[in-house]
Chemist: 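Provided herewith is a single structure, encoded as structure tokens, for subsequent inquiry.
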Amino acid sequence: MHASPSRYVFAFDEPPTSDGGELVRLLGGKGANLVTMATDLGLPVPPGFTITTEACTAYLAGHWPPGLDDEIRMHVDRLGSRVGRRFGDPADPLLVSVRSGAPVSMPGMMDTILNLGLAPDGVRGLAAASGDERFAADCLQRLRDGYRAVIGTDELPSDPWEQLRRAIEAVFRSWNSERARAYRRREGIDESLGTAVTVQAMVFGNRGADSATGVLFTRDPSTGEAAPYGDVMFDAQGEDVVAGGHEPQPISVLEQRLPAVADELRRHAATLEHHYADLCDIEFTIEQGRLWMLQVRAGKRSPRAALRIAIEMASDPDFPLTREAAVGRVLRQLANPPLVFVGAGERPAPLATGLPASPGVATGEIVLSSSAAEATADAGRPAILVRAETSPEDVPGMARSAGVLTSRGGLASHAAVVARGWGIPAVVGASQVQVGDGVVRIGEVELPAGAPITIDGSTGEVHAGDLEGSWEIAPEAATLLQWAEQLGIEVPAERAATPEHEASPSAPTELAGRDVTAGDVLRVAMIKGGASVEQLAEAMRVAPATLRPLLEELAREGSAAAADGAVRLTPTGRLAALESFARDRAEIGETRATEALDGFHAYDRRMKEIVTAWQVREVDGEQALNDHGDAAYDAGVLDDLGRLHDDVATWMAPLAEALRHYAVYGARLTSALELARAGDQRFVASPRVDSYHSVWFELHEDLIRLAGRKREDEAAAGRA
């Protein structure tokens with residue numbers, strides 16, 4: 001049932017009479033879970049109450065719900081009676097936290113204020129009641145900092161009730177903050193849900209050496225190991241986790257410093273994991289040796305961890321998870337089960353070591369050009385594309401290669417980003433590798449084109465010849481696939497292994513007011529190296545039918561040729577393309593063309609950081625592929641991309657006025673960003689579609705050509 005219009009506030013121990021789904025809709029995930037912990041499971045939860053999402057939607061529609069102030073005051077007074085303090089009392093004030101809580105988890109997206117209710121004249125009372133002046137001053141400073149960050153003003157009201165009202169309104173408004181909206185676009189969350197607000201009696205992790213705050217996962221989210229995993233910070237409050245002002249310690253430290261608390265936390269964690277039948281992410285506070293449970297939600301986990309957790313929970317006879325439910329939980333992952341490389345004998349020393357840019361082991365013939373990679377693949381043999389660095393015109397060959405090796409570049413290089421997007425093993429920045437004319441030199445070893453070579457994109461190692469061993473489905477995936485077969489559960493068909501470019505959904509066609517010329521076609525074809533008519537049309541924002549007469553004309557002139565569905569420039573066509581770039585350079589002036597490229601470099605550094613953060617993130621102090629299991633992290637990266645996009649659009653506007661085809665890059669970048677924000681992860685960096693990175697790299701290549709430079713020169717100078 002829905003809450004009546006006259007009821008907007010519910011205490012943890014007096015929740016609305018609703019089923020689970022409706023309870024979450026009204027109280028948000030956080031509020032509903034607090035009810036479960038406090039009332040259903042009897043765990044030590046600081047008392048509090050939740051203001052419903054219906055109050056939020058009413059406020060955002062333009063009015064403060066009638067009677068809400070009275071309800072809040074009644075529940076605050078009741079809260080004070082339970083803990084023995086009075087809100088606003090200068091002698092011994094009740095302090096509260098004000099937290100958001102949407103029906104669908106949006107961690108870190110909305111606002112929180114702690115220590116609320118502490119007026120400046122109440123600091124002496126708090127110091128006297130606690131016997132700790134340092135603690136009281138610390139709470140006031142934290143309130144001032146939090147209030148400034150959330151409310152946006154340095155002025156802290158002396159009236160605690162005004163503090164509370166403004167904090168609740170700020171949390172309601174944060175539902176429509178840019179980061180929250182971006183997160184909802186990314187996750188496909190209903191905009192109309194609104195957020196609940198939880199008001200809870202403060203418990204203090206900043207009261208000395210026997211006080212702490214922390215986060216506990218009931219199992220290791222990276223490996224799935226059934227052992228507690230998390231951090232604890234002593235003499236700290238919750239926001240210190242993200243502020244970076246305190247150094248966290250592993251949760252195991254709690255065993256030595258507060259063993260009784262550690263034992264209690266372990267028991268409560270087991271209770272929660274069994275209740276929810278899932279990995280739990282728990283927030284807790286310890287106040288002078290007393291444990292308080294503040295929040296619980298399903299924990300994010302890596303793909304391999306998800307498989308292991310599903311198996312171990314379903315295999316435990318005391319655990320409430322069936323094999324059928326376990327398979328259903330990881331069904332999407334089983335469509336492309338993870339593989340492991342099983343070697344035979346002792347692994348030889350590598351010839352060279354570079355950066356492990358994209359995981360996996362690949363063996364194949366050395367090829368030194370994109371066309372050679374395609375020819376080798378057409379003959380049915382695996383190829384390893386070896387280049388000093390790659391450019392957009394190498395993409396067709398990369399798509400057909402078993403692996404990629406470069407002597408230059410980092411984890412944000414074109415080769416690294418494209419290889420990760422396609423799941424192709426790659427080693428980059430292997431400086432010992434020298435690419436010559438028909439030969440690769442690695443130290444004293446000389447390997448001709450066609451010789452076998454092995455790269456390990458997980459370790460960065462490069463080996464001559466073939467490594468003995470084989471790929472096998474990871475054992476966890478094999479077990480779950482066997483269960484699926486026994487239970488008659490159909491696993492979705494595996495995606496095609498051959499990388500192919502996919503058309504962007506709803507890609508705009510003709511760009512208004514623009515006539516496409518043969519010069520436009522030559523420029524795009526040169527940058528892409530080889531592309532279908534549809535891919536060229538998508539890149540130029542025109543219909544394929546518009547291009548066909550121009551391509552036929554270029555073919556008659558001997559400037560272009562079609563082979564295996566791809567349009568390629570002949571040597572004559574490449575010269576004509578360079579002449580087209582030269583005409584553009586003459587039109588705007590050589591100085592302006594050079595300044596355009598030089599000005600792009602600062603944005604390009606930001607772009608490299610953003611795309612790397614999208615594909616690779618730090619896990620336990622080591623680089624690991626981003627499994628996109630942490631939606632809050634991904635939303636933050638998309639926010640960074642949005643800010644970069646706005647800056648580049650402003651910077652590029654004058655260039656687009658002078659040379660019309662640069663407006664096409666702007667349209668393509670905007671389209672890619674919108675699709676990424678709408679939830680299609682491919683449109684950040686996948687080479688299969690007209691992703692932001694793909695368009696960006698072509699724009700960079702265009703600017704290099706416009707300035708009359710070459711990519712290898714830019715790379716040697718550290719600018720590509």
Side-chain angles (χ1 to χ4, degrees), residues 33 37 41 43-46 97 99 107-108 112 114-115 130-132 134-135 138-139 141-142 145 200 202-274 276 278-302 305 308-309 312 617-624 629-630 632-633:
N33 287 341
M37 285 199 296
L41 301 178
L43 301 183
V45 174
S97 63
R99 290 185 167 95
T112 290
L114 305 181
N115 306 298
S130 65
D132 189 341
R134 179 206 62 85
F135 161 70
D138 184 47
C139 288
Q141 186 58 51
R142 289 173 181 275
D145 292 344
Q200 197 169 12
M202 278 294 301
V203 288
F204 301 97
N206 58 329
R207 292 200 63 178
D210 59 351
S211 300
T213 187
V215 175
L216 172 72
F217 289 85
T218 53
R219 301 180 187 228
D220 188 322
S222 297
T223 67
E225 181 185 2
Y229 178 95
D231 295 319
V232 62
M233 292 182 287
F234 291 91
D235 198 18
Q237 283 194 359
E239 72 269 23
D240 294 327
V241 175
V242 293
H246 289 62
E247 185 66 29
Q249 296 177 274
I251 197 72
S252 58
V253 172
L254 205 55
E255 296 279 359
Q256 288 82 49
R257 293 188 56 167
L258 298 169
V261 173
D263 183 62
E264 183 185 2
L265 178 60
R266 190 165 46 248
R267 293 197 310 272
H268 296 335
T271 297
L272 288 168
E273 190 178 73
H274 276 71
Y276 288 104
D278 204 353
L279 167 69
C280 290
D281 173 356
I282 299 165
E283 294 180 17
F284 64 90
T285 284
I286 303 165
E287 181 179 1
Q288 295 186 311
R290 184 175 182 182
L291 175 66
W292 295 97
M293 309 293 282
L294 302 183
Q295 184 174 334
V296 64
R297 59 185 170 222
K300 304 295 184 183
R301 79 258 0 231
S302 72
R308 178 175 177 177
I309 290 169
E312 292 186 356
R617 62 180 301 191
E618 190 170 291
V619 178
D620 297 336
E622 296 184 1
Q623 294 286 341
D630 186 339
Y633 174 88

Chemist: Supply the atom-to-atom distance Leu114 CG to Thr213 OG1, rounded to the nearest 0.5 angstrom.
Modeler: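 Atom-to-atom, Leu114:CG and Thr213:OG1 are 9.0 Å apart.
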Chemist: Within the 4.5 Å heavy-atom criterion, are Arg257 and Gln249 side-chain neighbours or not?
Modeler: yes
Chemist: Assess the residue pair Glu287 and Met202 against the criterion (side-chain contact (heavy atoms from CB on, under 4.5 Å)); give the C-alpha distance rounded to whole Å, side-chain angles, the decisive distance to 0.1 Å, and a yes or no.
Modeler: CA-CA 10 Å; Glu287 181 179 1; Met202 278 294 301; over 6 Å; no
Chemist: Determine whether Glu283 and Arg297 satisfy the following criterion, salt bridge (Lys or Arg N to Asp or Glu O under 4.0 Å), listing intermediate values before the conclusion.
Modeler: CA-CA 9 Å; Glu283 294 180 17; Arg297 59 185 170 222; 3.8 Å; yes
Chemist: Rounded to the nearest 0.5 Å, what separates atom CG in Asp235 from atom OG in Ser211?
Modeler: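 With rounding to 0.5 Å, CG (Asp235) is 7.0 Å from OG (Ser211).
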Chemist: Mind checking the CE-OG1 spacing from Met233 to Thr285? Nearest 0.5 Å is all I need.
Modeler: 9.5 Å
Chemist: Identify the two heavy atoms, one from Ser130 and one from Phe135, that lie closest to each other, and give their separation to 0.1 Å.
Modeler: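 Looking at all heavy atoms of both residues, the closest pair is OG-CD2, 3.5 Å.
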Chemist: After noting the C-alpha distance and the side-chain angles of Arg290 and Val203, does the key distance pass the side-chain contact (heavy atoms from CB on, under 4.5 Å) rule?
Modeler: CA-CA 10 Å; Arg290 184 175 182 182; Val203 288; over 6 Å; no
Chemist: Does the pair Asp281 and Phe217 meet the rule for a side-chain contact (heavy atoms from CB on, under 4.5 Å), with working shown?
Modeler: CA-CA 5 Å; Asp281 173 356; Phe217 289 85; 3.9 Å; yes
Chemist: Rounded to the nearest 0.5 Å, what separates atom CG in Asp132 from atom CZ in Arg207?
Modeler: 7.0 Å
Chemist: Starting at CZ of Phe284, measure out to CG of Leu43 and round the result to the nearest 0.5 Å.
Modeler: 14.0 Å
Chemist: Quick check for you: to the nearest 0.5 Å, what is the distance between Asp220 atom CG and Arg308 atom CZ?
Modeler: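 If I round to the nearest 0.5 Å, the distance is 8.0 Å.
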Chemist: Going through the checks in order, is the side-chain contact (heavy atoms from CB on, under 4.5 Å) test met by Phe234 and Leu258?
Modeler: CA-CA 11 Å; Phe234 291 91; Leu258 298 169; 4.2 Å; yes
Chemist: Do Asp231 and Val215 touch side chain to side chain, with heavy atoms closer than 4.5 Å?
Modeler: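 Sidechains of Val215 and Asp231: no contact.
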Chemist: Donor-acceptor pairs are to be reported for all side-chain atoms of residues 260-273 against protein atoms at under 3.5 Å, with residues two or more places apart or in another chain.
Modeler:
| from | atom 1 | to | atom 2 | distance (Å) |
| --- | --- | --- | --- | --- |
| Asp263 | OD1 | Arg266 | NH2 | 3.2 |
| Asp263 | OD2 | Arg267 | NH1 | 2.6 |
| Glu264 | OE2 | His268 | NE2 | 3.1 |
| Arg266 | NH1 | Glu255 | OE2 | 2.4 |
| Thr271 | OG1 | Arg267 | O | 3.1 |
| Glu273 | OE1 | Arg219 | NE | 3.4 |
| Glu273 | OE1 | Arg219 | NH2 | 3.2 |
| Glu273 | OE2 | Thr218 | OG1 | 2.7 |
| Glu273 | OE2 | Arg219 | NE | 3.0 |

Chemist: Looking at side-chain heavy atoms only, is the closest gap between Ser97 and Thr112 below 4.5 Å?
Modeler: no
Chemist: Nearest heavy-atom pair of Ala305 and Pro221: which atoms, and what distance?
Modeler: CB-O, 3.3 Å
Chemist: Using a 3.5 Å distance criterion without hydrogens, assess whether the side chain of Asn206 forms a donor-acceptor pair with backbone atoms of Ala236.
Modeler: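 Here the side-chain-to-backbone pair does not exist.
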